[in-house]
Every structure is written in C-alpha cells, then in structure tokens.
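For reference, the structure is listed below as structure tokens.
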Amino acid sequence: MTARLRLRSLLDQGRPAGGLFLSLPAPQIVEIAAVAGFDFVLIDLEHTLIGGRELEELIAAADRSGISALVRVADARSERILPVLDAGAAGIVVARVSSFEDAREAIRRARYAPLGNRGLNAGRLGRFGDCDLPALLRQLDRETLLIALIEDAVGLAAAEEIASLPGLDGLLLGAADYSQSIGAPWQTTAESVRAADRQLAAIARRTGRYFFAIPRRDEDFVDHLRDGALGIIAGNDRGVLRQALLSKDRLWREIYRRQELEAGE
C-alpha cells in the first residue's frame, strides 16, 4: 500500500484515521506528523499563500513519510483542483460547498468521464506515460477522495442532496465559518454548531459517505467517534506549536519565580 492510499484504505476498512491540519509550508512538519503516528495531513490552500512548488514538496514529504496528503482548495471552481490532484494528493477537500451545483462542479473538476471531465495528464501518478493510461483513469477515480466542506446554514440544508451525488466521498463541517453564518462567530462549541455536526454525521451515515470531523475540545473526540467520524483532524500545526511553546515558556518562568521566592526567604 502506498502512502497516498493509507487514508483511503483505513476509511474503506471502517477504521478511524488521524490527521493534522497543515498551514505552514514546512515538509519537516509532515515528517514529524508521520513519526507522531498521524495517518494524513490536510494542507490548506484556502487561507494560505502556499505555492505550487511548496505544495509539491509537502506532498513528496508525505509520500516518503508514509502518510496521505489531502489538500483543501478555496471552492468548487478552483483552478487548483486539477494540478493538486496531478501532483499526487490523496484527495481534495472543497471549501464552501453550499449547493448541489457546487458539489457537481467539484466532481466535474476532480473526476474523469463519465462523472466529470478532469483533464488528462500522464504525469507522476502515471509514471510519465509508462503505464496503461486508460486503466489509470479508472484507478485514480477509485482512489481519489473528494470531500465537501459544509460551512453555512444553506449548505447544511442542502447536505443530503449534496451527499447523494456519485463521485463524492465525504462530508466535513467547517464549524468556524458555520458559526459565523448563524450569527455566532467563533462559537464553535455552541450547541447549535454541535447540532449541525450531528446532523451532518447522520446524513453521512444515511448516504454512505465518510464523515470527517475537527474536534475543538478533548471531550469532542468522544462525541465525534460515537457519531461515526472516521477522519479525525486532531490538531493544526500552528495551534499545536503555539500550545507547546506556551507550555515551555510558562514552565521556565514559573521555575524562575519559585527560585526568586526561595532566594528571598
């Protein structure tokens, strides 16, 4: 099994997979995530300025480290979907899917005919032409994950219709933007937002789609796993780094304060 298929294999077996949300274009973070035991990274192209060469290096780091690389693009009409998949990403997370039409457009760009019209390319996944190219198209359509990121109340209302489309593999709630769409910005653990997560999980179960989740608190892991989430995005690189640095800074300062107190006694 290749690194690219690690995530897909776990999902197909009904086994949960742990992921790290990645916003920093540092291949070393991908390698550290693999050493830590993560199964995949989700590289963000929506809120970052990560370029093509940097993305190729991140995907290559995932390949050599043995973990899968998902990539988030800004919307269903993103021109980056094609080159991201050609670069070898395990799949695409499409942000701001709010309608059947959005989902259909994402499928059109990410899937080969007859489901879509993804452009043909005999690049690295096709060994630069050294393979059975017609068979490759069928293989890549089977292997590539396409996940709709639902980020507003309109999208949630259309989620059942979105999930019914052939060619879509999974659903994920963007809790932060969803909270803003219902007038409660950044209240990602509010009951109204958690209810939306549960609703999306139920839709995923009914339609046979994989449910992805981003736990915000430790107790959320229990809820998401109980609700059937298989793709668990367990942390983000910037947040984990900040928390680790904060912990170390607090530690040495506390030790220093204790020493000052002891010296003054």
Side-chain angles (χ1 to χ4, degrees), residues 7-8 10-17 19 42 46 70-78 81 90-112 114-118 141-185 187-216 220-233:
L7 173 59
R8 176 109 225 183
L10 288 170
L11 297 175
D12 287 348
Q13 295 173 59
R15 296 169 58 192
L42 172 52
E46 182 186 11
L70 296 177
V71 179
R72 178 169 78 170
V73 297
D75 58 55
R77 291 154 187 81
S78 172
I81 291 175
I92 295 285
V93 175
V94 181
R96 302 185 180 280
V97 176
S98 296
S99 66
F100 179 91
E101 290 73 23
D102 287 342
R104 184 68 195 89
E105 179 64 16
I107 292 167
R108 187 184 72 80
R109 290 176 181 268
R111 300 295 185 199
Y112 293 110
L115 288 179
N117 65 353
R118 173 180 168 184
D141 264 349
R142 287 194 306 270
E143 294 175 351
T144 300
L145 288 162
L146 181 60
I147 300 157
L149 180 56
I150 307 298
E151 299 191 81
D152 57 30
V154 174
L156 185 63
E160 189 109 27
E161 187 180 25
I162 289 167
S164 70
L165 277 167
L168 188 75
D169 296 294
L171 300 171
L172 168 65
L173 183 75
D177 281 327
Y178 181 82
S179 71
Q180 179 170 242
S181 81
I182 61 172
Q187 296 181 43
T188 55
T189 60
E191 176 52 31
S192 54
V193 179
R194 290 293 298 116
D197 234 330
R198 292 192 294 270
Q199 181 179 341
L200 199 62
I203 290 170
R205 288 194 300 271
R206 286 197 298 271
T207 57
R209 305 305 181 203
Y210 299 122
F211 181 52
F212 282 70
I214 305 176
R216 305 286 169 165
D220 293 338
F221 286 90
V222 175
D223 294 337
H224 287 310
L225 288 167
R226 183 195 59 222
D227 291 340
L230 291 180
I232 303 294
I233 302 167

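Every value quoted in this text rests on a predicted model; they were computed, and no experiment measured them.
In this structure, the separation between CZ on R109 and CG on N117 is 8.5 Å, given to the nearest 0.5 Å. We find the CZ-CG distance between F212 and L42 to be 9.0 Å, quoted to the nearest 0.5 Å. In this structure, I162 CD1 and I203 CD1 are separated by 8.5 Å, a value rounded to the nearest 0.5 Å. Once rounded to the nearest 0.5 Å, the distance linking CG of L225 with CD1 of I232 reads 4.5 Å. One finds the CG atom of L145 at 6.0 Å from the CG atom of L11 (value rounded to the nearest 0.5 Å). Note that the OG atom of S98 and the CD1 atom of I150 stand 7.0 Å from one another [nearest 0.5 Å].
Here R77 does not pair with E105 in a salt bridge; the nearest charged N to carboxylate O distance is not below 4.0 Å. Between E143 and R8, no side-chain nitrogen of the basic residue sits less than 4.0 Å from a carboxylate oxygen of the acidic one, so the salt-bridge criterion is not met.
Checking side-chain atoms of S179 against main-chain N and O of A176 turns up a donor-acceptor pair under 3.5 Å. At least one donor-acceptor pair under 3.5 Å links the side chain of R209 to the backbone N or O of A163. The main-chain N or O of G167 is found under 3.5 Å from a side-chain atom of R111 such that the two form a donor-acceptor pair. No donor-acceptor pair closer than 3.5 Å links the side chain of R96 to the backbone N or O of G155.
Looking at heavy atoms from C-beta onward, D227 lies in side-chain contact with R194 at the 4.5 angstrom threshold. A heavy-atom distance below 4.5 Å is not found between the side chains of D75 and D102. Looking only at side-chain heavy atoms (C-beta outward), Y178 and L149 stay at 4.5 Å or farther from each other.
The shortest non-hydrogen separation linking A158 to S99 is CB-CA, 4.4 Å. Counting all heavy atoms, side chain and backbone alike, L230 lies closest to G14 at CD2-O, 3.6 Å. Across all non-hydrogen atoms, the minimal contact from D169 to T144 is OD2-O, 3.2 Å. A95 approaches A74 most closely through the heavy-atom pair CB-O, 3.4 Å. Of all heavy-atom pairs between A175 and R216, the closest is CB-NH2, 3.6 Å. Considering every non-hydrogen atom in both L10 and P16, the closest pair reads CD1-O, 4.4 Å.
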Side chain to side chain contact (heavy atoms under 4.5 Å, CB included) between L172 and I233, intermediate numbers included:
CA-CA 10 Å; L172 168 65; I233 302 167; 4.1 Å; yes

Which is it for R108 and E101 under the salt bridge (Lys or Arg N to Asp or Glu O under 4.0 Å) test, yes or no, and what are the steps along the way?
CA-CA 10 Å; R108 187 184 72 80; E101 290 73 23; over 6 Å; no

Between L7 and L70, is the side chain to side chain contact (heavy atoms under 4.5 Å, CB included) condition met? List the steps.
CA-CA 9 Å; L7 173 59; L70 296 177; 3.7 Å; yes

Quick one, D197 with F211, criterion side chain to side chain contact (heavy atoms under 4.5 Å, CB included). Give me CA distance, side-chain angles, the key distance, then yes/no.
CA-CA 10 Å; D197 234 330; F211 181 52; 3.3 Å; yes

Go through it in stages, so that I can follow the logic: the residues are L156 and L200, the test is side chain to side chain contact (heavy atoms under 4.5 Å, CB included), and I'd like the CA-CA distance, side-chain angles, deciding distance and then a yes or no.
CA-CA 7 Å; L156 185 63; L200 199 62; 4.1 Å; yes

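Tested against I147, the residues V93, L168, V94, V97 include a single side-chain contact (heavy atoms from CB on, under 4.5 Å) partner, V93.
Every residue meeting the side-chain contact (heavy atoms from CB on, under 4.5 Å) condition with L165, not counting sequence neighbours, appears here in chain and number order: F100, A103, R104, I107.
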